[in-house]
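In this text, all values refer to a predicted model and were calculated from it rather than measured experimentally.
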Number of protein chains: 2
Amino acid sequence: MDNMALAIADKCRNCALRTDDALICAQLSTGELIELSSHSTPTNVDRKQPVNARLVDRNPIIAIVEGVIGLQHVLKDGRRSIAALFWRGDIVDLRRDGERAPGNLVALTPARICSLSVESYDKLVRDNPDARAVAISNMREQIHFAADHSVDLGKKSAPERLAAFIFECRRRQLGGDDCQIVDLALRRSDIADYMGLQPETVSRGLKELERRELIALKGRSKVRILDAAALRQLANGTPGKPATPA
Amino acid sequence: MDNMALAIADKCRNCALRTDDALICAQLSTGELIELSSHSTPTNVDRKQPVNARLVDRNPIIAIVEGVIGLQHVLKDGRRSIAALFWRGDIVDLRRDGERAPGNLVALTPARICSLSVESYDKLVRDNPDARAVAISNMREQIHFAADHSVDLGKKSAPERLAAFIFECRRRQLGGDDCQIVDLALRRSDIADYMGLQPETVSRGLKELERRELIALKGRSKVRILDAAALRQLANGTPGKPATPA
DNA sequence: AGTCTGCATTGATCAAAATCAATTTGCGGC
DNA sequence: GCCGCAAATTGATTTTGATCAATGCAGACT
């Protein structure tokens, strides 16, 4: 029992995946947690650093504990795009077959992740219905989110995309959906790569939202939402008046 | 036993979901199939028709039997975008919460779908490990595919997107990955809405691929791949020489 | 305090794709 | 085989955002 307590203390005590009731490790019995923890590797990743390839290769299930991780694809001529963002609680399953390159995970903020072995993860999903429910529901959210993101990239203007991005940040940040102040979390160039824009366009776009009095920029990475309803409208693709005419 | 045989005969006999070993209903015992079939509604949908909203509302799990279904979002000023494509064997789980509009399913070719009740679908995923494996692996593919699609939309040129689209069609069509002739399946304007382009640009882009001798257009909807390697390169984002210079 | 260094912003061009407006082309029905 | 029509193509023009090139700024380090 001391061993068990110690085993948990070692890695998992205080880990958000365990302490937040909605997340995967909170669904586990003590025994399951100990078992899982012996096949998991928690790691800190500095901003801009890729997640260790060897680690991913051995344990291709990555749970995000803290920070933001991007799934990055680099085209052969250097164009970079970030196909998806993963936030606290998300589970990234990197197993894949097929002809297209899988892309690689990079930290877009200082981050903490925990990589799990496929065997223990699959076992959990098989045997623990609560863990399974969390895992499946996270997958479903990822699918729905990806669809929304495709709509953003497919047909929206730069300001619309940025409005959508601000809401994504708000939804995923600790305070949740009712904060007035939103932390953009990523650098301009990462926002650009994620939203299919150039950094300059991100900059101008945020300025434009400010000019329309939908937001106020507070320093480099914080935004105060001034008119949440109008910003939401814009994010959802309502054309949006070209600002208050004189 | 006659009843059982009849019950299967009624709806599920000859259904691809049952006859194709890789698909969900092929994983079920006779009893499970009968049970599921009593909570499922197979439907044909004509091209351009939305999937009946009431049907989706009652049974929000949609399995694609045949044809192509698109998840369509229409912005308030009429811009249309198709966030995802679903092909034979795909399972669409439309349950979702959250602020963004869910989008609606429309048939992009004449299609056949089967809508399942959440209860019986969840029961299946809970109790039948093989069915669960099929369902989860389909979700994982959808996630990976969506990521690839985001890369296409985020940073690729029109010809690159079209090359990627041709490969998507090839991968999902019955013949599979080694066909020379690919059926584009969708109309130009649907391709446009899916790939984040305008129909005119799709037309010009396909012409461009033909000019570069990567493909040959065979009628309106069929394409012969002339140089699969180079086309793949282009799809993957290698700049691509501006055609054979004189 | 002073410099260094990465980011962010700004401004001036440029190019790709969108838009607008006709035609043209196939294809299903007679 | 010939209509009729939706879909596809073509061409001219405009727009948006990318690109290129500085400049500005704030925090880290000495």
Side-chain angles (χ1 to χ4, degrees), chain A residues 46-49 75 77-81 108-110 152-163 165 183-211 215-223 234 237 239-240 242, chain B residues 46-49 75 77-81 108-110 152-163 165 183-212 215-223 234 237 239-240 242-243:
Chain A
D46 290 338
R47 193 176 86 79
K48 296 180 83 158
Q49 290 311 301
L75 306 190
D77 64 341
R79 279 171 291 173
R80 189 177 83 121
S81 91
L108 303 177
T109 67
D152 293 343
L153 296 184
K155 284 282 164 65
K156 290 191 184 162
S157 70
E160 286 166 344
R161 293 182 203 198
L162 292 168
F165 178 71
D183 182 349
L184 260 21
L186 317 192
R187 296 286 187 268
R188 297 289 185 271
S189 102
D190 294 325
I191 298 174
D193 290 338
Y194 179 54
M195 298 308 299
L197 300 167
Q198 291 297 313
E200 297 94 328
T201 307
V202 172
S203 182
R204 291 186 245 262
L206 290 172
K207 267 274 155 58
E208 171 68 13
L209 297 185
E210 192 167 43
R211 198 185 57 75
I215 64 170
L217 296 165
K218 317 283 283 183
R220 293 198 163 187
S221 82
K222 291 215 165 44
V223 148
L234 185 65
Chain B
D46 290 338
R47 194 177 84 80
K48 295 181 83 153
Q49 290 310 302
L75 307 189
D77 64 341
R79 278 171 292 173
R80 189 177 83 119
S81 90
L108 303 177
T109 67
D152 293 343
L153 296 183
K155 284 280 163 68
K156 290 191 186 165
S157 69
E160 286 167 343
R161 293 183 203 198
L162 292 168
F165 178 72
D183 183 348
L184 260 22
L186 315 194
R187 295 287 189 265
R188 297 289 185 270
S189 103
D190 294 324
I191 298 174
D193 290 339
Y194 178 54
M195 298 308 299
L197 301 168
Q198 291 298 313
E200 296 93 328
T201 308
V202 172
S203 183
R204 291 187 246 260
L206 290 173
K207 266 275 155 60
E208 171 69 13
L209 297 184
E210 192 168 43
R211 198 185 56 74
R212 296 193 203 173
I215 63 169
L217 297 165
K218 316 285 282 183
R220 287 196 167 188
S221 82
K222 290 215 165 46
V223 146
L234 185 65

Next on the checklist: Heavy atoms within less than 4.0 Å of DNA chain D: which residues of residues 196-203 of chain B have one? Give them sorted by number.
Outcome noted: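 Within this stretch, B:Glu200, B:Ser203 sit under 4.0 Å of the strand.
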Checklist entry - Would you call A:Glu208-A:Arg211 a salt bridge at under 4.0 Å N-O? => result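 Yes.
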Next on the checklist: Salt bridge check, B:Arg79 against B:Asp77: does any charged N sit closer than 4.0 Å to a carboxylate O?
Outcome noted: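 Result for this pair is yes, salt bridge flagged.
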Next on the checklist: If you compare all heavy atoms of A:Leu217 against all heavy atoms of A:Glu210, which two are closest, and at what distance to 0.1 Å?
Outcome noted: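 For A:Leu217 and A:Glu210, the tightest heavy-atom pair comes out as N-OE2, 2.9 Å.
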Checklist entry - From the 5' end of DNA chain C to its 3' end, which nucleotides mark the outer limits of contact with chain B, defined by a 4.0 Å heavy-atom distance cut-off (strictly under)? => result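 So the contact region on DNA chain C extends C:dA17 to C:dG26.
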Checklist entry - Does the pair A:Met195 and A:Thr201 meet the rule for a side-chain contact (heavy atoms from CB on, under 4.5 Å), with working shown? => result CA-CA 10 Å; A:Met195 298 308 299; A:Thr201 307; over 6 Å; no
Item to check | Selection residues 193-203 of chain A - residue pairs positive for salt bridge (charged side-chain N to carboxylate O under 4.0 Å, His left out), sequence neighbours left out | outcome: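 For residues 193-203 of chain A: A:Arg80-A:Asp193, A:Asp193-B:Lys155.
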Can you measure [X] atom [atom1] to [N] atom [atom2] for me and round it to whole angstrom units?
{"X": "B:Leu206", "N": "D:dT10", "atom1": "CG", "atom2": "C1'", "answer": "15 Å"}
{"X": "B:Leu186", "N": "D:dA8", "atom1": "CG", "atom2": "C1'", "answer": "15 Å"}
{"X": "B:Arg211", "N": "D:dT10", "atom1": "CZ", "atom2": "C1'", "answer": "16 Å"}
{"X": "B:Leu217", "N": "D:dT9", "atom1": "CG", "atom2": "P", "answer": "7 Å"}
{"X": "B:Leu162", "N": "D:dA8", "atom1": "CG", "atom2": "C1'", "answer": "14 Å"}

Regarding [X], tell me which of base, sugar-phosphate or nothing describes its non-hydrogen contacts under 4.0 Å with the strands shown.
{"X": "B:Arg220", "value": "base"}
{"X": "A:Lys48", "value": "sugar-phosphate"}
{"X": "A:Arg161", "value": "nothing"}

Checklist entry - Sequence neighbours excluded, which residues qualify as ring pair (Phe, Tyr, Trp, His ring centres under 6.0 Å) partners of A:Phe165? => result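 For A:Phe165 there are no ring pair (Phe, Tyr, Trp, His ring centres under 6.0 Å) partners, ignoring immediate neighbours.
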Next on the checklist: Tell me whether the side-chain N/O atoms of B:Arg47 come closer than 4.0 Å to OP1 or OP2 in D:dA6.
Outcome noted: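 No, no such contact exists.
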Next on the checklist: Please report the end-to-end axis angle for the helix from C:dA1-D:dT30 to C:dC30-D:dG1, five pairs per end, rounded to 10 degrees.
Outcome noted: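 End axes: 50° apart.
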Item to check | Inter-residue atom distance B:Ile191.CD1 - B:Arg161.CZ, 0.5 Å rounding | outcome: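 Here the interatomic distance stands at 13.5 Å.
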Checklist entry - So how far is it from B:Ser81 OG to A:Asp152 CG, rounded to the nearest 0.5 Å? => result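 The distance works out to 8.5 Å.
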Item to check | Validation row: B:Val223, B:Leu209 side chains within 4.5 angstrom (heavy atoms) | outcome: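 The answer is no; the side chains never approach within 4.5 Å.
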Item to check | Side-chain heavy-atom pair A:Leu186, A:Leu184 within 4.5 angstrom cut-off | outcome: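 In short, these two side chains do not touch, never coming nearer than 4.5 Å.
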Item to check | Side-chain-base donor-acceptor pair under 3.5 Å for B:Arg204 and D:dG11 | outcome: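 Counting by modelled atom types and ignoring angles, a donor-acceptor contact under 3.5 Å is found here.
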Next on the checklist: Going by side-chain contact (heavy atoms from CB on, under 4.5 Å), name the residues that satisfy it together with B:Pro199, two or more places apart in sequence or in a different chain.
Outcome noted: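 If we apply the side-chain contact (heavy atoms from CB on, under 4.5 Å) test to B:Pro199, skipping adjacent residues, the hits are B:Ser189, B:Ala192.
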